[in-house]
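This report concerns only the one structure given below.
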Amino acid sequence: MLTESGCRSIWQAGHRTGYCVNLTINYYRGLPLSCVDEISLWVDGEPVDPETMYVWCKDREYHYPDILKDTMATDIYWGFGDYLKVTIMKKGGIDQGIHHVKLRLCTRRSYTPTMVSEWEKDIMFA
């Protein structure tokens, strides 16, 4: 679920303005993005503010709190094996090197309770 692929700072106009991590789905099939009930991240023990998070799916960006709303479109599909890029807007980005990242991902599926998955590991950020 928590991959090392693509973990890096985000640069805009020559300044680090955030960083990103790539996630894979916690289910053996894909799901509509509207079936995500929670994405929580901690980096080096500090919780990430959900208001600073943006999710990239199918080359489109969504403010994380918007995907939790009942008005979220149901035809945006997070496929099995596809990366969901989560960008965290933070002045200064993240220092290059190894950081401890913890993820809590909750997804809703038909006929079953919400799947709650937690994962943590040390990840190298470029």
Side-chain angles (χ1 to χ4, degrees):
M1 292 184 331
L2 188 55
T3 74
E4 292 190 32
S5 176
C7 296
R8 60 183 177 80
S9 279
I10 303 294
W11 293 79
Q12 294 176 334
H15 300 283
R16 288 190 302 186
T17 57
Y19 59 96
C20 65
V21 296
N22 285 311
L23 313 179
T24 56
I25 201 159
N26 61 346
Y27 191 49
Y28 73 98
R29 300 173 67 182
L31 291 169
L33 194 54
S34 60
C35 287
V36 171
D37 283 343
E38 178 185 351
I39 299 172
S40 294
L41 289 167
W42 294 261
V43 177
D44 296 329
E46 296 292 321
V48 172
D49 179 0
E51 289 294 326
T52 66
M53 293 170 42
Y54 291 82
V55 174
W56 285 84
C57 186
K58 303 294 181 198
D59 297 324
R60 295 205 47 205
E61 180 183 59
Y62 304 92
H63 190 214
Y64 169 69
D66 291 341
I67 71 170
L68 304 176
K69 295 179 181 175
D70 289 340
T71 55
M72 179 64 187
T74 59
D75 62 346
I76 302 154
Y77 199 74
W78 180 10
F80 178 80
D82 293 344
Y83 288 137
L84 186 73
K85 182 167 98 173
V86 179
T87 301
I88 296 91
M89 300 310 295
K90 179 182 178 186
K91 187 177 180 179
I94 195 166
D95 290 335
Q96 190 175 24
I98 296 175
H99 296 271
H100 189 77
V101 180
K102 180 179 176 184
L103 165 70
R104 179 180 168 95
L105 176 63
C106 304
T107 53
R108 192 172 355 103
R109 297 150 345 270
S110 298
Y111 312 111
T112 60
T114 295
M115 178 182 279
V116 178
S117 301
E118 292 186 352
W119 189 258
E120 58 184 289
K121 67 191 232 181
D122 292 330
I123 294 178
M124 174 65 78
F125 283 80

Are the side chain of [X] and the backbone N or O of [Y] linked by a donor-acceptor pair below 3.5 Å?
X    : Y    : answer
R109 : C35  : no
S9   : I94  : yes
Y27  : T107 : no

Approximate separation, where rounding is to 0.5 Å, of [X] [atom1] and [Y] [atom2]:
X    : Y    : atom1 : atom2 : answer
M89  : E51  : CE    : CD    : 13.5 Å
L103 : E118 : CG    : CD    : 8.5 Å
L2   : L105 : CG    : CG    : 10.0 Å
L23  : W56  : CG    : CH2   : 15.0 Å
L41  : K102 : CG    : NZ    : 11.0 Å
L31  : F80  : CG    : CZ    : 11.5 Å

Under 3.5 Å side-chain donor-acceptor pair for D44 and H100: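 No - no donor-acceptor pair under 3.5 Å links their side chains.
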S5 side chain to N22 side chain, donor-acceptor N/O pair below 3.5 angstrom: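 Absent: no donor and acceptor within the cut-off.
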Full working for side-chain contact (heavy atoms from CB on, under 4.5 Å) between V48 and K90: CA-CA 10 Å; V48 172; K90 179 182 178 186; over 6 Å; no
Non-hydrogen atoms of [X] and [Y] that approach each other most closely:
X    : Y    : value
T114 : C106 : CG2-CB, 3.8 Å
Q96  : A126 : CG-C, 3.7 Å
E4   : D122 : OE2-O, 3.8 Å
Q12  : T17  : OE1-OG1, 3.3 Å
M72  : S34  : CG-CB, 3.9 Å
P65  : P50  : CD-O, 3.7 Å

ILVMFWY network linking Y28 to V36, side-chain heavy atoms under 4.5 angstrom: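 Linked, Y28 and V36 end up in one cluster.
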Within one Ile-Leu-Val-Met-Phe-Trp-Tyr cluster: I88 and M124, side-chain cutoff 4.5 Å: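 Hydrophobic grouping puts I88 apart from M124.
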Residues D37 and R104 bridged, charged N to O under 4.0 Å: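 The answer is no: the pair does not qualify as a salt bridge.
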Test log, rule side-chain contact (heavy atoms from CB on, under 4.5 Å), inputs Y54 and V86: CA-CA 6 Å; Y54 291 82; V86 179; over 6 Å; no
CH2 (W42) with more than 12 external heavy atoms under 6.0 Å: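 Atom CH2 in W42 is crowded, with more than 12 foreign heavy atoms closer than 6.0 Å.
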Derivation and outcome, side-chain contact (heavy atoms from CB on, under 4.5 Å), residues F125 and R8: CA-CA 5 Å; F125 283 80; R8 60 183 177 80; 5.6 Å; no
From CA spacing to verdict: side-chain contact (heavy atoms from CB on, under 4.5 Å), I76, Y62: CA-CA 11 Å; I76 302 154; Y62 304 92; 3.2 Å; yes
Name of the residue among V43, I98, V101 meeting side-chain contact (heavy atoms from CB on, under 4.5 Å) with I123: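 Passing option: V101.
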